[in-house]
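Just so we're clear, the structure is a prediction, and the values are computed from it rather than from any experiment. One-based numbering, in listed order, for ligands and for the atoms of each.
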Amino acid sequence: MNLQLPVAGLERYKSTSQRARIGTEAWGALNFFCPVCKSPRLDTAPRNTVAVDYLCPKCASPFQLKSQSKPFGNRIVDAAYSEMKRAILSDRTPNLYVLHYDLTQWAVRTVILIPHFAFALSAIECRPPLGPTARRAGWIGCNILLNKIPPDARIPIVECGEARAVSEVRRAYRRLRPLENLKIEMRGWTLDVLNVVRSLNKKEFSLADVYAHADELAKLHPKNAHIPDKIRQQLQVLRDLKLLEFLGSGSYRLH
Ligand SMILES: [Zn+2]
């Protein structure tokens, strides 16, 4: 994988942000592959396709690219809040490639892939409406909250300027893919509990460890009055997905 961003044809673009957008899109067309099937490349999507930048020529999986010149923090600026919410609720979010480039080196530094089934409503934050003087006054955008997406679902493609093996990326994607089969109303809960379990930073943990985060989960799901029941149910779901195992007497081990 060549991490240098292409330069050809960029002379006609005046603004740096425009050059970066065109340059990173062109880099993606040369380097992105499909994590879902064996396709070694992705096709650029037709210009008018909303929220989709690439399509897999073999399995038709859609992909979106978000690029930024700053290293990743917890937030990634995304499109309109209402559209993202609708996409999540109707299970139409594309797989997302998030790319950080170095402007001075004109090179790719970090790329992560977030599978389309890893977005829950809790990972989306509504931004304040644009002020009255803005061109699109009143428009409401959203942020994607990276820390609300389980670390397993932030699959590294390029880390600190080094590309990871394609086979490893496909394996990481495949491991999570059973989540795709869960109904969307349920999947949000599963992802939130998985994120809590991962945040414990322990290979083995107890039910009490997860219960200690009940308030956090209650904030994400204010309509649910039975948080402990829900936690136990979701741990069973994660076990059935083979993401963890039950050791007995309220102990669990992550896979
Ligand atoms: Zn594919």
Original post:
Given Phe63 and Phe33, is the ring-ring contact (aromatic ring centres under 6.0 Å, His included) satisfied, shown in steps?
Top reply: CA-CA 10 Å; Phe63 295 82; Phe33 54 89; 9.1 Å; no

Subject >> Under 3.5 Å side-chain donor-acceptor pair for Arg41 and Tyr54 >> reply: no

**OP:** Verify, without hydrogens or angle tests, whether Thr93 (side chain) and His116 (backbone) share a donor-acceptor contact under 3.5 angstrom.
**Re:** yes

Original post:
So, the side chain of Trp27 versus the backbone of Ile22: is there a donor-acceptor pair under 3.5 Å, distance only?
Top reply: no

**OP:** Evaluate the ring planes of His221 and Trp189, with Trp represented by its six-membered ring, and classify them as parallel (under 30°), tilted (30 to 60°) or perpendicular (over 60°).
**Re:** parallel

Subject >> Under 2.8 Å from the Zn ion (ligand 1) - protein N/O/S, by chain and number >> reply: Cys34 SG, Cys37 SG, Cys56 SG, Cys59 SG

Subject >> Test side-chain contact (heavy atoms from CB on, under 4.5 Å) applied to Phe205 and Leu247, Val210, Val196, the passing residue >> reply: Val210

